[in-house]
Amino acid sequence: MLNEESNNIAESTAKGATVDLDEVEFFAKIADSWWDPKGPFKPLHILNPARIGFIRQEVEKHFDLEANLIKPFEGLRLLDIGCGGGLLSEPMCRLGADVVAVDASEKNIKTASLHAEQSGLEIDFRNNTAEALAEAGEQFDIIVNMEVIEHVADVDIYLSACRKLLKPDGIMLLSTINRTAKAYLFAIVGAEHILRWLPVGAHDWNKFITPKELAAFSEKAGFAPKAPTGFVFNPFMQKWSLSDRDVAVNYAMAVTAD
Amino acid sequence: MAEATELTSDITIIGGGLAGLTAAIGLADHGFDVTVVDRAAQEALTDVSYDGRSSALAFASCQLFEAISVWQYMEPYAQPILEIRVSDGPSLLHLHFDNETLGDGPLGHLVENRHTQIALFERMKELDNLTFLAPTKVADIKRDKASATVTLEDGRVITSKLLLGIDGRGSMVRAHAGIPTSKIDYKQHGIVCSIEHEFGHCGIAHERFLPSGPFAILPLTGNRSSLVWTEKSHLTETIMGLSDRAFQSEVQRRVGDFLGDVKIIGGRWAYPISLQYAHDYVAERLALLGDAAHGIHPISGQGLNLGLKDVAALIEVLVDARKVGLDIGSTQVLDRYAQWRTTDNASIYAITDIFNRLFSNDIEPLMLARDLGMAAVDKVVPLKNFFMSHARGTVGDLPKLLRGEKAL
Ligand SMILES: Cc1cc2nc3c(=O)[nH]c(=O)nc-3n(C[C@H](O)[C@H](O)[C@H](O)COP(=O)(O)OP(=O)(O)OC[C@H]3O[C@@H](n4cnc5c(N)ncnc54)[C@H](O)[C@@H]3O)c2cc1C
């Protein structure tokens, strides 16, 4: 239900913008909306600590890293697919990773680059696709693939590109939405229609993927999938937490090269 | 050698008093690069004439000092509080708390502020990611979406992700951010001095409710105690002007004879007393802690303890943020600190305010009511435990550091 590519808000700003509006100022405005924790991307800001917590936990386990390091990802090359405004790319960089972040939208890339520069972070943002990077033979220790798969046209083609991008001893973290009645209520009825967290039509329920299907798709692409972890939302605390059992709505899965 | 004029650190702190230095050390101990700025020199901050107060440090505050390796330098000067006796002037009914009821070690410790400050400087020397700049004056503060910049009068510029205002009641940082405050002036002063006495104090702290306001006798190491004598402001000047002999006999009269002969040691100080709180604890790239955020009546000896709770909560919030790579100075992160601390502090403001109003007068029915109230509280174990846990500082949603754990 949460996705960084559906920034219709920014899109409409683009159409309304006057020609002589200074480009930097224009993207700075969009960056402000991406990075405002109470703004249009509020749900992502609320979800961020939980999903980064998941990424960190899985990467620590996989590479057998020491606990509580300030920069645990130091020396690891990381790819952030569908980076949007850079909400994940920046934390990954602060955790020490050498980050390459791609997004199909040029506007997102300009926005994210500007914000990262203001934050004093060095991130290699590229207006590109996973498929093109795979084609060019790039490889990574960590791939973050959060809330992307439910939007791609062909899951098989997409995942086999991801497989090429992953180093033999690397790890990829996927997250998406389950295709259950609860997910329908929560993501479509709740987030789009009631809470207006996301624009109506941002999601197509038929494209939602069950953990079992995701595991099967991954295996077919040459990955070894692990057990899924659920994200559970507590509306009173306005906080997400990780759950081993409840994967009914948002969930994540770590996969390694088979 | 020329000094660097452009400094960068994760966090800049204005104010290196008790709360400020504790924050600096705690943050540096958790791996953050910290720069502290104070207008007073280290020698001035630890001079015998600078601060005559002693603080009753709640058990939880001592845990914090232990967790960040400061306690070892304070311990020789710390007097455990084994019992607290609250009494209403001449009345025989009283309330009495001791550590047997909770069975968990002392209720807290009394330490002279000067010794705590010296201990903090000792610990500071061991941390090379902590820079202390003093005496120096802040010429300008600028904050924007990405950073906070502090320019000093000597031309040095410090840029960081987060600025902390821990510069006391008259906080310049708070004024710079335009954060309004509310204030109640109690028209009372706290007269502070230390005494030496003939008999031992047995680790008992006394709080007496005299008509002019509360009078506290707090045990220090050896046969010494620290006094906080709350007096109506219009009488303070006269009392402060008394000859040493006359002052000593006024003190003896108020203390009574249970400690034998008392003798004043060192100077005397008078602090105006008010309740003051900032309407916001945070702003863009900025957080307020300690007295800069809230100053309360010393009646409950909680002022510094509250500041230390701010410190422990902020460190935990920042460590949690760093763990997931969030920007430590972002609104999202600072809001969590503000939420955590405002809820907790608000109840303390109210309790101490009501206490002072109730106890700073001699209207008959009120006196009777509070005597009966105290006697009643003394009999009811759960109620007593409630008050004691407050005194120990172990209630509420406690940050890890106040439980003696690192915030990792
Ligand atoms: C009579 C009395 C008795 C008390 N007893 C107790 C007790 O028993 N227990 C307890 O917990 N609390 C007690 N308190 C409260 C306690 O003393 C305070 O809460 C505590 O000292 C506040 O610490 P702080 O570091 O926030 O502020 P401060 O101690 O005021 O420190 C502020 C620091 O900032 C510096 N500074 C200020 N302005 C600037 C500037 N513009 N630029 C640079 N630096 C600046 C100052 O030099 C100072 O070092 C008592 C208070 C009073 C009045």
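First the proteins, then the strands, lettered A, B, ... as listed; each starts at 1. Not measured: the values here are computed from a predicted model.
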For chain B and chain A, give me every donor-acceptor pair shorter than 3.5 Å, distances to one decimal.
unit_1: Lys145(B); atom_1: NZ; unit_2: Asp32(A); atom_2: OD1; d: 3.2
unit_1: Lys161(B); atom_1: NZ; unit_2: Ser119(A); atom_2: O; d: 3.4
unit_1: Lys323(B); atom_1: O; unit_2: Arg56(A); atom_2: NH1; d: 2.8
unit_1: Gly325(B); atom_1: O; unit_2: Arg94(A); atom_2: NH1; d: 2.7
unit_1: Gln332(B); atom_1: NE2; unit_2: His45(A); atom_2: O; d: 2.8
unit_1: Asp335(B); atom_1: OD2; unit_2: Lys38(A); atom_2: NZ; d: 3.0

Under 4.5 Å from a heavy atom of chain B, the part of Pro91(A) involved
both
Gap separating the CZ atom of Phe59(B) from the CZ atom of Arg403(B), nearest 0.5 angstrom
12.0 Å
For Thr181(B) and His279(B), test the side chains for any donor-to-acceptor distance below 3.5 angstrom and give the result as yes or no.
no
Value rounded to 0.5 Å, distance of CD1 in Ile55(A) from CZ in Phe73(A):
7.0 Å
Applying side-chain contact (heavy atoms from CB on, under 4.5 Å), run through Val249(A) and Phe233(A) and close with a yes or a no.
CA-CA 10 Å; Val249(A) 186; Phe233(A) 186 64; over 6 Å; no
Is there a donor-acceptor pair under 3.5 Å between the side chain of Arg123(B) and the backbone N or O of Ile68(B)?
yes
For Val333(B) and Ala321(B), the nearest pair of non-hydrogen atoms, with its separation, is CG2-CB, 3.7 Å
